[in-house]
Colleague: 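Got a structure for you, written out below as C-alpha coordinates; questions coming shortly.
Quantities reported herein were computed from a predicted structural model and do not represent experimental measurements. One-based numbering, in listed order, for ligands and for the atoms of each. Atoms considered below: every heavy atom in the structure, side chains included; atoms not considered: hydrogens, waters and symmetry mates.
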Amino acid sequence: MNEYIEYSKEVLEAMKNNQPIVALESTIISHGMPYPENVKTALECERIIREQGSVPATIAILNGKLKIGLSTEEIDFLGKKGLDVVKTSRRDIAYNVANEIDGATTVSATSYIASLANILVFATGGIGGVHRGAETTFDISADLEELAETNVLVVCAGAKAILDLGLTMEYLETKGVPVVGYKTSTLPAFYTRESDYKVNFKIDTPKEIANFFHTQQKLNLRGGMLVANPISEEYSMDKDLIEKAIVEAIAEMNKLGIGGKETTPYLLAKIAEITKGDSLKSNIQLVYSNCKLASQISVNLNKLK
Ligand code: PSU
Ligand code: MN
(Lines give C-alpha, C1' and ligand atoms only; values in the text may rest on other atoms or scores of the structure.)
(Ligands and ions follow the chains in the order given, each with its own letter.)
Protein backbone atom coordinates (compact mmCIF):
# COMPACT_ATOMS: atom_id res chain seq x y z
CA MET A 1 0.00 0.00 0.00
CA ASN A 2 2.64 2.53 1.06
CA GLU A 3 4.33 2.22 -2.31
CA TYR A 4 1.34 4.09 -3.74
CA ILE A 5 1.29 6.95 -1.23
CA GLU A 6 3.43 10.06 -1.45
CA TYR A 7 3.37 12.61 1.36
CA SER A 8 4.47 16.21 1.14
CA LYS A 9 7.32 17.15 3.45
CA GLU A 10 5.02 19.27 5.57
CA VAL A 11 2.51 16.45 6.08
CA LEU A 12 5.19 13.87 6.76
CA GLU A 13 6.71 16.14 9.37
CA ALA A 14 3.29 16.73 10.95
CA MET A 15 2.67 13.00 11.18
CA LYS A 16 6.04 12.43 12.82
CA ASN A 17 5.36 15.15 15.37
CA ASN A 18 1.75 14.08 16.02
CA GLN A 19 0.39 17.41 14.88
CA PRO A 20 -3.26 17.82 13.90
CA ILE A 21 -3.91 17.53 10.15
CA VAL A 22 -6.88 18.51 7.97
CA ALA A 23 -7.48 16.89 4.58
CA LEU A 24 -8.73 18.92 1.60
CA GLU A 25 -10.20 17.62 -1.66
CA SER A 26 -9.08 18.61 -5.14
CA THR A 27 -12.22 18.20 -7.27
CA ILE A 28 -13.39 21.46 -5.77
CA ILE A 29 -10.27 22.99 -7.38
CA SER A 30 -10.54 21.42 -10.84
CA HIS A 31 -14.29 21.03 -11.24
CA GLY A 32 -15.85 23.18 -8.55
CA MET A 33 -14.54 26.64 -9.40
CA PRO A 34 -13.05 28.49 -12.38
CA TYR A 35 -9.38 29.40 -12.70
CA PRO A 36 -7.79 31.40 -11.11
CA GLU A 37 -10.27 31.67 -8.21
CA ASN A 38 -9.90 27.93 -7.63
CA VAL A 39 -6.15 28.13 -7.02
CA LYS A 40 -6.41 31.22 -4.87
CA THR A 41 -9.13 29.58 -2.79
CA ALA A 42 -7.18 26.33 -2.37
CA LEU A 43 -4.10 28.19 -1.13
CA GLU A 44 -6.13 30.39 1.20
CA CYS A 45 -7.79 27.26 2.65
CA GLU A 46 -4.36 25.90 3.49
CA ARG A 47 -3.36 29.18 5.10
CA ILE A 48 -6.50 29.29 7.26
CA ILE A 49 -5.96 25.71 8.41
CA ARG A 50 -2.38 26.53 9.45
CA GLU A 51 -3.49 29.73 11.18
CA GLN A 52 -5.92 27.69 13.29
CA GLY A 53 -3.24 25.25 14.36
CA SER A 54 -3.44 22.27 11.98
CA VAL A 55 -1.46 21.21 8.94
CA PRO A 56 -3.31 21.08 5.60
CA ALA A 57 -3.14 18.00 3.39
CA THR A 58 -4.65 18.61 -0.02
CA ILE A 59 -5.18 15.27 -1.73
CA ALA A 60 -5.02 14.25 -5.41
CA ILE A 61 -3.68 11.51 -7.68
CA LEU A 62 -0.61 12.56 -9.63
CA ASN A 63 1.82 10.41 -11.64
CA GLY A 64 0.24 7.23 -10.37
CA LYS A 65 0.62 8.18 -6.69
CA LEU A 66 -1.91 9.00 -4.03
CA LYS A 67 -0.56 12.41 -3.06
CA ILE A 68 -1.22 13.60 0.48
CA GLY A 69 -0.17 17.24 0.65
CA LEU A 70 0.39 19.16 -2.58
CA SER A 71 2.90 21.83 -3.53
CA THR A 72 1.73 25.23 -4.79
CA GLU A 73 2.78 24.15 -8.29
CA GLU A 74 0.67 21.01 -8.07
CA ILE A 75 -2.35 22.98 -6.92
CA ASP A 76 -1.79 25.43 -9.76
CA PHE A 77 -1.53 22.52 -12.21
CA LEU A 78 -4.90 21.11 -11.12
CA GLY A 79 -6.50 24.54 -11.18
CA LYS A 80 -5.27 25.32 -14.68
CA LYS A 81 -6.19 21.91 -16.09
CA GLY A 82 -9.68 22.22 -14.66
CA LEU A 83 -12.15 19.87 -16.32
CA ASP A 84 -9.29 18.17 -18.18
CA VAL A 85 -8.16 16.32 -15.06
CA VAL A 86 -10.25 13.31 -14.20
CA LYS A 87 -12.83 13.81 -11.52
CA THR A 88 -11.91 10.88 -9.32
CA SER A 89 -14.35 9.15 -7.03
CA ARG A 90 -13.74 5.90 -5.15
CA ARG A 91 -14.38 3.76 -8.22
CA ASP A 92 -11.73 5.63 -10.27
CA ILE A 93 -8.86 5.46 -7.76
CA ALA A 94 -7.30 2.14 -8.78
CA TYR A 95 -7.73 2.78 -12.51
CA ASN A 96 -6.04 6.16 -12.29
CA VAL A 97 -3.17 4.81 -10.21
CA ALA A 98 -2.69 1.76 -12.44
CA ASN A 99 -2.60 3.90 -15.58
CA GLU A 100 -0.87 6.95 -14.11
CA ILE A 101 -3.81 9.19 -14.92
CA ASP A 102 -3.92 12.46 -13.00
CA GLY A 103 -7.04 12.77 -10.91
CA ALA A 104 -8.69 15.38 -8.74
CA THR A 105 -10.32 13.60 -5.84
CA THR A 106 -13.94 14.06 -4.78
CA VAL A 107 -15.17 13.84 -1.20
CA SER A 108 -15.43 10.06 -1.47
CA ALA A 109 -11.94 9.49 -2.86
CA THR A 110 -10.37 12.11 -0.60
CA SER A 111 -11.96 10.56 2.50
CA TYR A 112 -10.70 7.13 1.56
CA ILE A 113 -7.15 8.34 0.87
CA ALA A 114 -7.12 10.45 4.05
CA SER A 115 -8.16 7.42 6.06
CA LEU A 116 -5.21 5.44 4.68
CA ALA A 117 -2.99 8.01 6.38
CA ASN A 118 -5.09 8.11 9.55
CA ILE A 119 -6.15 11.67 8.83
CA LEU A 120 -9.48 11.99 10.57
CA VAL A 121 -10.71 15.48 9.71
CA PHE A 122 -11.55 16.81 6.26
CA ALA A 123 -12.91 20.18 5.15
CA THR A 124 -14.89 20.83 1.98
CA GLY A 125 -17.67 23.04 0.62
CA GLY A 126 -20.67 20.83 0.14
CA ILE A 127 -20.87 17.07 -0.08
CA GLY A 128 -22.52 15.15 -2.87
CA GLY A 129 -25.86 13.58 -1.98
CA VAL A 130 -29.12 12.30 -3.35
CA HIS A 131 -29.96 14.37 -6.41
CA ARG A 132 -33.37 15.86 -7.10
CA GLY A 133 -35.19 13.37 -9.32
CA ALA A 134 -33.17 10.44 -7.95
CA GLU A 135 -36.34 8.34 -8.01
CA THR A 136 -35.87 8.16 -11.78
CA THR A 137 -32.13 8.85 -12.28
CA PHE A 138 -30.85 6.87 -9.28
CA ASP A 139 -28.19 9.59 -8.94
CA ILE A 140 -26.84 9.23 -5.42
CA SER A 141 -23.30 10.48 -4.78
CA ALA A 142 -20.65 7.99 -3.73
CA ASP A 143 -19.82 10.55 -1.02
CA LEU A 144 -22.69 9.23 1.10
CA GLU A 145 -21.56 5.61 0.97
CA GLU A 146 -18.04 6.74 1.83
CA LEU A 147 -19.30 8.59 4.89
CA ALA A 148 -20.91 5.33 5.94
CA GLU A 149 -17.73 3.30 5.43
CA THR A 150 -14.78 5.48 6.26
CA ASN A 151 -13.67 6.92 9.58
CA VAL A 152 -13.42 10.56 8.57
CA LEU A 153 -15.20 13.59 9.94
CA VAL A 154 -16.26 15.84 7.06
CA VAL A 155 -16.97 19.53 7.65
CA CYS A 156 -19.26 21.01 5.01
CA ALA A 157 -21.85 23.78 4.66
CA GLY A 158 -24.65 21.25 4.44
CA ALA A 159 -25.70 19.61 1.23
CA LYS A 160 -26.05 21.82 -1.77
CA ALA A 161 -29.57 22.82 -2.62
CA ILE A 162 -29.07 21.27 -6.07
CA LEU A 163 -29.72 18.05 -4.15
CA ASP A 164 -32.76 16.60 -2.49
CA LEU A 165 -31.90 17.43 1.11
CA GLY A 166 -34.67 15.34 2.62
CA LEU A 167 -33.62 12.21 0.76
CA THR A 168 -29.96 12.92 1.53
CA MET A 169 -30.75 13.05 5.26
CA GLU A 170 -32.76 9.82 4.99
CA TYR A 171 -29.88 8.08 3.26
CA LEU A 172 -27.44 9.17 5.96
CA GLU A 173 -29.88 8.03 8.62
CA THR A 174 -30.15 4.58 7.06
CA LYS A 175 -26.38 4.34 7.00
CA GLY A 176 -26.04 5.48 10.60
CA VAL A 177 -24.00 8.58 9.83
CA PRO A 178 -24.49 11.26 12.49
CA VAL A 179 -25.18 14.73 11.12
CA VAL A 180 -24.04 17.49 13.47
CA GLY A 181 -25.17 21.09 13.12
CA TYR A 182 -22.53 23.54 14.27
CA LYS A 183 -24.47 26.03 16.38
CA THR A 184 -27.62 25.15 14.46
CA SER A 185 -30.45 22.64 14.69
CA THR A 186 -31.47 22.93 11.03
CA LEU A 187 -29.50 21.53 8.14
CA PRO A 188 -27.85 24.39 6.28
CA ALA A 189 -28.31 24.37 2.49
CA PHE A 190 -24.88 25.53 1.33
CA TYR A 191 -25.74 28.94 -0.17
CA THR A 192 -28.25 29.58 2.61
CA ARG A 193 -28.13 29.01 6.36
CA GLU A 194 -31.31 27.00 6.70
CA SER A 195 -33.45 24.32 5.14
CA ASP A 196 -36.65 22.55 6.08
CA TYR A 197 -34.70 19.70 7.63
CA LYS A 198 -33.29 19.11 11.10
CA VAL A 199 -29.80 17.89 11.87
CA ASN A 200 -29.42 15.04 14.34
CA PHE A 201 -27.35 16.92 16.91
CA LYS A 202 -26.77 20.60 17.53
CA ILE A 203 -23.31 21.16 19.00
CA ASP A 204 -21.83 24.56 19.81
CA THR A 205 -18.09 24.00 20.22
CA PRO A 206 -15.30 22.32 18.23
CA LYS A 207 -14.21 20.64 21.45
CA GLU A 208 -17.54 18.88 21.94
CA ILE A 209 -17.62 17.80 18.29
CA ALA A 210 -14.12 16.35 18.68
CA ASN A 211 -15.17 14.51 21.80
CA PHE A 212 -18.22 13.06 20.04
CA PHE A 213 -16.15 11.81 17.11
CA HIS A 214 -13.44 10.48 19.38
CA THR A 215 -16.03 8.50 21.32
CA GLN A 216 -17.52 7.15 18.08
CA GLN A 217 -14.07 5.89 17.15
CA LYS A 218 -13.40 4.39 20.56
CA LEU A 219 -16.70 2.52 20.34
CA ASN A 220 -15.56 1.03 17.04
CA LEU A 221 -18.52 2.53 15.23
CA ARG A 222 -17.13 2.30 11.73
CA GLY A 223 -17.92 5.27 9.53
CA GLY A 224 -17.69 8.99 9.45
CA MET A 225 -19.52 12.00 10.74
CA LEU A 226 -20.93 14.96 8.89
CA VAL A 227 -20.53 18.38 10.47
CA ALA A 228 -22.72 21.03 8.85
CA ASN A 229 -21.50 24.58 9.31
CA PRO A 230 -23.89 27.27 8.05
CA ILE A 231 -22.52 29.93 5.72
CA SER A 232 -22.07 33.20 7.58
CA GLU A 233 -24.94 35.68 7.54
CA GLU A 234 -22.81 38.13 5.59
CA TYR A 235 -22.29 35.85 2.59
CA SER A 236 -25.51 33.85 2.57
CA MET A 237 -27.74 34.25 -0.47
CA ASP A 238 -31.40 35.04 -0.94
CA LYS A 239 -33.30 31.76 -0.73
CA ASP A 240 -35.78 32.43 -3.55
CA LEU A 241 -33.14 33.81 -5.85
CA ILE A 242 -30.85 30.83 -5.48
CA GLU A 243 -33.75 28.38 -5.73
CA LYS A 244 -34.77 29.99 -9.02
CA ALA A 245 -31.21 29.70 -10.33
CA ILE A 246 -31.06 26.03 -9.30
CA VAL A 247 -34.35 25.15 -10.99
CA GLU A 248 -33.24 26.95 -14.14
CA ALA A 249 -29.84 25.19 -14.11
CA ILE A 250 -31.41 21.74 -13.64
CA ALA A 251 -33.88 22.36 -16.49
CA GLU A 252 -31.04 23.42 -18.79
CA MET A 253 -29.03 20.37 -17.76
CA ASN A 254 -31.90 18.00 -18.54
CA LYS A 255 -32.39 19.67 -21.90
CA LEU A 256 -28.71 19.08 -22.72
CA GLY A 257 -28.92 15.48 -21.54
CA ILE A 258 -26.10 15.92 -19.02
CA GLY A 259 -25.88 13.25 -16.34
CA GLY A 260 -23.56 11.07 -14.27
CA LYS A 261 -20.38 12.61 -12.91
CA GLU A 262 -20.82 15.75 -15.02
CA THR A 263 -23.98 16.73 -13.17
CA THR A 264 -22.45 18.46 -10.15
CA PRO A 265 -19.74 20.44 -12.00
CA TYR A 266 -22.26 21.54 -14.63
CA LEU A 267 -24.77 22.76 -12.05
CA LEU A 268 -22.14 24.63 -10.02
CA ALA A 269 -20.87 26.46 -13.09
CA LYS A 270 -24.35 27.18 -14.45
CA ILE A 271 -25.56 28.56 -11.13
CA ALA A 272 -22.49 30.80 -10.93
CA GLU A 273 -23.30 32.04 -14.42
CA ILE A 274 -26.98 32.70 -13.65
CA THR A 275 -26.16 34.54 -10.42
CA LYS A 276 -23.40 36.51 -12.17
CA GLY A 277 -20.72 35.14 -9.90
CA ASP A 278 -22.54 35.70 -6.61
CA SER A 279 -22.86 31.98 -5.90
CA LEU A 280 -19.13 31.55 -6.48
CA LYS A 281 -18.36 34.29 -3.96
CA SER A 282 -20.56 32.59 -1.38
CA ASN A 283 -19.06 29.22 -2.21
CA ILE A 284 -15.54 30.50 -1.57
CA GLN A 285 -16.45 32.09 1.76
CA LEU A 286 -18.23 29.05 3.10
CA VAL A 287 -15.25 26.87 2.27
CA TYR A 288 -13.00 29.21 4.29
CA SER A 289 -15.34 29.02 7.22
CA ASN A 290 -15.35 25.22 7.02
CA CYS A 291 -11.55 25.12 6.95
CA LYS A 292 -11.41 27.19 10.10
CA LEU A 293 -13.84 24.94 11.96
CA ALA A 294 -12.21 21.75 10.69
CA SER A 295 -8.82 22.92 11.91
CA GLN A 296 -10.24 23.73 15.34
CA ILE A 297 -11.90 20.31 15.55
CA SER A 298 -8.66 18.61 14.49
CA VAL A 299 -6.67 20.46 17.17
CA ASN A 300 -9.14 19.30 19.82
CA LEU A 301 -9.27 15.76 18.50
CA ASN A 302 -5.50 15.59 18.57
CA LYS A 303 -5.50 16.31 22.31
CA LEU A 304 -7.73 13.28 22.90
CA LYS A 305 -5.54 10.84 20.98
N1 PSU B 1 -19.37 20.71 -3.47
C2 PSU B 1 -18.82 21.88 -3.85
N3 PSU B 1 -17.94 21.89 -4.85
C4 PSU B 1 -17.56 20.74 -5.46
C5 PSU B 1 -18.14 19.48 -5.03
C6 PSU B 1 -19.04 19.53 -4.04
O7 PSU B 1 -19.11 22.92 -3.29
O8 PSU B 1 -16.74 20.80 -6.35
C9 PSU B 1 -17.63 18.19 -5.63
C10 PSU B 1 -17.02 17.36 -4.49
O11 PSU B 1 -15.78 16.89 -4.91
C12 PSU B 1 -18.00 16.23 -4.30
C13 PSU B 1 -18.47 16.05 -5.70
O14 PSU B 1 -17.43 15.08 -3.75
O15 PSU B 1 -18.65 17.37 -6.17
C16 PSU B 1 -19.74 15.25 -5.79
O17 PSU B 1 -19.92 14.81 -7.09
P18 PSU B 1 -21.04 13.74 -7.40
O19 PSU B 1 -22.32 14.43 -7.13
O20 PSU B 1 -20.84 13.40 -8.86
O21 PSU B 1 -20.78 12.57 -6.52
MN1 MN C 1 -23.80 11.31 -9.22
Colleague: Does either side chain, that of Thr124 or that of Glu25, offer a donor lying less than 3.5 Å from an acceptor on the other one?
Modeller: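 Yes, because at least one side-chain N or O of Thr124 sits under 3.5 Å from a partner of the opposite role on Glu25.
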
Colleague: Hey, which of Lys175, Arg90, Arg91 is the one that makes salt bridge (Lys or Arg N to Asp or Glu O under 4.0 Å) with Glu146?
Modeller: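 Exactly one pass, corresponding to Arg90.
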
Colleague: Please list the nearest protein heavy atom to atom 21 (O) of ligand 1 with its residue and the distance rounded to 0.1 Å.
Modeller: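 Of every protein heavy atom, Ser141 OG, 2.7 Å lies nearest to atom 21 (O) of ligand 1.
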
Colleague: Which ligand 1 atoms, with their elements, are less than 4.0 angstrom from a heavy-atom of Lys87?
Modeller: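 In order of number, 17 (O), 18 (P), 20 (O).
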
Colleague: Considering distance alone, does some N or O of Glu25 sit under 3.5 Å from an N or O of ligand 1?
Modeller: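 Yes, since at least one N or O of Glu25 sits under 3.5 Å from an N or O of ligand 1.
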
Colleague: Using every non-hydrogen atom in the two residues, find where Leu187 and Gly158 come nearest and quote the distance to one decimal.
Modeller: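 Smallest heavy-atom distance, with atoms named: CD1-CA, 4.4 Å.
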
Colleague: Pick out which of Val121, Ile297, Leu153, Val152 makes a side-chain contact (heavy atoms from CB on, under 4.5 Å) with Phe213.
Modeller: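 Between Phe213 and the candidates, side-chain contact (heavy atoms from CB on, under 4.5 Å) is satisfied uniquely by Leu153.
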
Colleague: Can you tell me which residue and heavy atom of the protein come closest to atom 6 (C) of ligand 1, and the distance to 0.1 Å?
Modeller: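 The closest one turns out to be Gly126 O, 3.0 Å.
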
Colleague: Could you check Glu46, Glu74, Lys67 and say which one makes a side-chain contact (heavy atoms from CB on, under 4.5 Å) with Thr58?
Modeller: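 The passing option is Glu46.
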
Colleague: Would you please say whether a donor-acceptor pair under 3.5 Å links the side chains of Glu13 and Tyr7?
Modeller: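 Their side chains do not contain a donor-acceptor pair, so the 3.5 Å distance test is not met.
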
Colleague: What part of Met33, side chain from CB on, backbone N/CA/C/O, both or neither, has a heavy atom under 4.0 Å from ligand 1?
Modeller: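 Contact part for Met33 vs ligand 1: neither.
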
Colleague: Any side-chain donor-acceptor pair under 3.5 Å between Ser26 and Thr105?
Modeller: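 Their side chains do contain a donor-acceptor pair, which is all the 3.5 Å distance test asks for.
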
Colleague: Counting both backbone and side chain atoms, is some N or O of Ala142 under 3.5 Å from an N or O of ligand 1?
Modeller: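 N/O-N/O distance below 3.5 Å does not exist for this pair.
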
Colleague: Which heavy atom in Ile119 sits nearest to a heavy atom in Ala57, and how many Å separate them?
Modeller: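 Residues Ile119 and Ala57, closest heavy atoms: CD1-CB, 4.1 Å.
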
Colleague: Could you list which atoms of ligand 1 come closer than 4.0 Å to a heavy atom of Phe190?
Modeller: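 Per the distance check, 7 (O).
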
Colleague: Does the N or O separation between Thr105 and ligand 1 drop below 3.5 Å for any pair?
Modeller: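 No; the residue has no nitrogen or oxygen that sits under 3.5 Å from a nitrogen or oxygen of the ligand.
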
Colleague: Among the N, O or S atoms of Asp139, which one sits nearest to the Mn ion (ligand 2)?
Modeller: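 Result: OD1.
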
Colleague: Answer with yes or no whether the side chains of Glu37 and Thr41 bring together a donor and an acceptor at under 3.5 Å.
Modeller: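 Result is no, nothing qualifies.
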
Colleague: Is the shortest N/O to N/O distance between Lys261 and ligand 1 below 3.5 Å?
Modeller: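 Checking ligand 1 against Lys261, no N or O pair falls under 3.5 Å apart.
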
Colleague: Taking the minimum heavy-atom distance to atom 3 (N) of ligand 1, which of Leu268, Asn283, Ile140 ranks first?
Modeller: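 The option holding the nearest heavy atom is Leu268.
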
Colleague: Which of the atoms of ligand 1 are close to Gly32, meaning less than 4.0 Å from one of its heavy atoms?
Modeller: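 So the answer, numbered in order with elements, is 8 (O).
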
Colleague: Would you kindly specify which portion of Thr263 sits under 4.0 Å from ligand 1, judged on non-hydrogen atoms: side chain, backbone, both or neither?
Modeller: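 Under 4.0 Å from ligand 1, Thr263 contributes no heavy atoms.
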
Colleague: So for His131, does at least one of its heavy atoms come nearer than 4.0 angstrom to any atom of ligand 1?
Modeller: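 Judged by the 4.0 Å heavy-atom criterion, His131 does count as contacting ligand 1.
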
Colleague: Quick one: does ligand 1 sit under 4.0 Å from the side chain of Thr264, the backbone, both or neither, non-hydrogen atoms only?
Modeller: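 The answer is the side chain of Thr264.
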
Colleague: With Ile61, which of Val85, Asp102, Asp92, Thr88 fulfils side-chain contact (heavy atoms from CB on, under 4.5 Å)?
Modeller: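 The single option meeting the side-chain contact (heavy atoms from CB on, under 4.5 Å) with Ile61 is Thr88.
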
Colleague: Can you confirm whether Lys292 is buried at NZ, in the sense that more than 12 heavy atoms of other residues, nucleotides or ligands lie under 6.0 Å from that atom?
Modeller: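 For Lys292, atom NZ is not crowded (no more than 12 foreign heavy atoms under 6.0 Å).
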
Colleague: Indicate, as side chain, backbone, both or neither, the part of Asp143 found under 4.0 angstrom from ligand 1 when only non-hydrogen atoms are considered.
Modeller: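 For Asp143, the contact with ligand 1 is made by the side chain alone.
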
Colleague: I need the nearest protein heavy-atom contact for atom 9 (C) of ligand 1: residue, atom name and distance, please.
Modeller: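 Of the protein heavy atoms, Thr27 CG2, 4.1 Å lies nearest.
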
